[in-house]
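Each remark here refers to the structure printed beneath this line.
We name chains A, B, ... by the order of the sequence lines, and we start the count at 1 in each one.
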Amino acid sequence: MIKLENIHKYYDSQHVLKGINVNVNKGEVVSILGPSGSGKSTLLRCINFLEEPTSGIVEISDKRVDASSASKADIFSLRTSTGMVFQQYNLFKNLTVLQNVMIGLTNVKHIKKDEAKKTSLEILEKVGLTNRLNHYPAQLSGGQQQRVGIARALALNPEVLLFDEPTSSLDPELVDEVLATIRAVADTGKTMFIVTHELNFAREISDRVVFMEDGIIVEEGTAEQMFNHPKMERTKQFLSKATRNN
Amino acid sequence: MENLLDIQFLIESFPAIISRLPITIGIAVGSLILSLVIGVITALIKIYRVPVLRVISSIYVSFIRGTPLLVQLYLVFYGIPKVIYFLQIEYGWLQSADVNSIAPEVYALLAFSINLGAYLSETIRSAIESVDRGQFEAAKAIGMTPAQMMLKIIFPQALAVAIPNLGNMFITTIKDTALVFIIGVVDIMGQAKILGSRGLAFFEVYIAVSIVYWILCIVVERLLVKIEKRARRYERGIAS
């Protein structure tokens, strides 16, 4: 369903992704864990070409895009088949909650306004924000903003959702509402990639866990395997240390 | 007894001066609109580092900032007809244009647009660059085209940032339009000069015209405050 083949990314001479290979099946929830600077966010952002991979292949469903020859149309196709949730929410500040969710439908998918509104309202219902439709992002709490962010990503009904540290900017007491929303989305069978520092959450929600360090995948496996019987010493060290901190 | 002012004349000069207000406002507003277009284009050229055009646009900005507006007005007024005439004779281009029938207002509008466009270029560039990177990324991530991203997301936010600056420049432009009489445009200042020479009462007419400028600028300032509030409405805190 999603295939990353030999993804390399250089920033000038700095080699931040050193040949990443990942396969994800439809409906799987995959968490990418690792210390800061391990390249996990960069990897996620390579999937929708917010960062252009220096080389490698990104494949979503039947669409196969080689970084060395990616056209605008290829990139557009990757972006419309993915939805991204950002660490800093990145809601469109000049648009209301409803407009934030609708804009992709009306402007990218060219769906009629009435229909787009209906779809958006249904999604906002799911994330529990129908009472904030005409608020601007600045008028919402961080948790509410992130739930709108999730609604915006869901609106285009993408094949896969990409979460880039979705709770890292939130006050601790707001984390749970966002995690609950992500969990609810996972329960609908969406394919999801999650970069997170919430290890307990990753353990509970993930079908598979990928542990990265220094631009390579150190180890991957089911959540059960990775947390209870990691093969690599480094994985064990990282996961156990972080779990204690949680 | 010697009078300092002929109050009667001063008061009577107002209607004639005000009758020329549409010319002053027309040139100011018209050049604001055209210069916004020029400013946005040159700003985008700079931001996207378009080769060749980038060099041309920075020469343009540098030239305009480095020469007096008065000189630019003359350059446009005397230069453009010559250029058009040259193109007609040498290449047979622009045959339908009749150089002699172009109103001086058109040259004034062009000169002010070119001038203001250069100043706006930097203001607009910095306003666009002040928009959070995340806004660009979110727009790209949902598949917006660069044009959609700019029109729907970035420009509205940049505008809110730029309005105080744009407003100041617009007010400066309103006042600078007082120069246009030198190329034969009868604006409020031109009308004041005509009245003044007719009645040999210059002090009176210049007092009158300065009051008209002053009130015009106060009205524009008030309007700008309203526009800024509207453009920044999304920045307000938690709604009650």
Verdict with supporting geometry, A:Lys126 and A:Leu154, side-chain contact (heavy atoms from CB on, under 4.5 Å): CA-CA 10 Å; A:Lys126 281 186 205 159; A:Leu154 279 173; 5.6 Å; no

Per-residue tally against chain B (heavy atom, under 4.5 Å) across A:Leu50, A:Leu156, A:Thr80, A:Ile75 peaks at A:Leu50

Any donor-acceptor pair under 3.5 Å linking the side-chain atoms of A:Ser41 with those of A:Asp164? yes

So which part of A:Asn107 gets closer than 4.5 Å to some heavy atom of chain B, the side chain, the backbone, both or neither? both

Ignoring hydrogens and geometry, is there a side-chain-to-backbone donor-acceptor pair from B:Gln157 to B:Arg232 under 3.5 Å? no

Part of B:Gln148 within contact of chain A (heavy atom distance under 4.5 Å): side chain

Hey, is A:Arg64 close enough to A:Glu5 for a salt bridge, meaning N to O under 4.0 Å? yes

The interface call for B:Ala139 against chain A, heavy-atom contacts under 4.5 Å, is both

Walk me through whether B:Ile128 and B:Phe136 qualify under side-chain contact (heavy atoms from CB on, under 4.5 Å). CA-CA 11 Å; B:Ile128 291 174; B:Phe136 289 81; 4.3 Å; yes

When the 4.5 angstrom heavy-atom criterion is applied to A:Leu95 and chain B, the contacting part is side chain

Check whether A:Phe76 gets within reach of chain B through its side chain, its backbone, both or neither, counting any heavy atom under 4.5 Å. side chain

Among B:Pro156, B:Gly134, B:Ala160, which residue has the highest count of heavy-atom pairs closer than 4.5 Å to chain A? B:Gly134

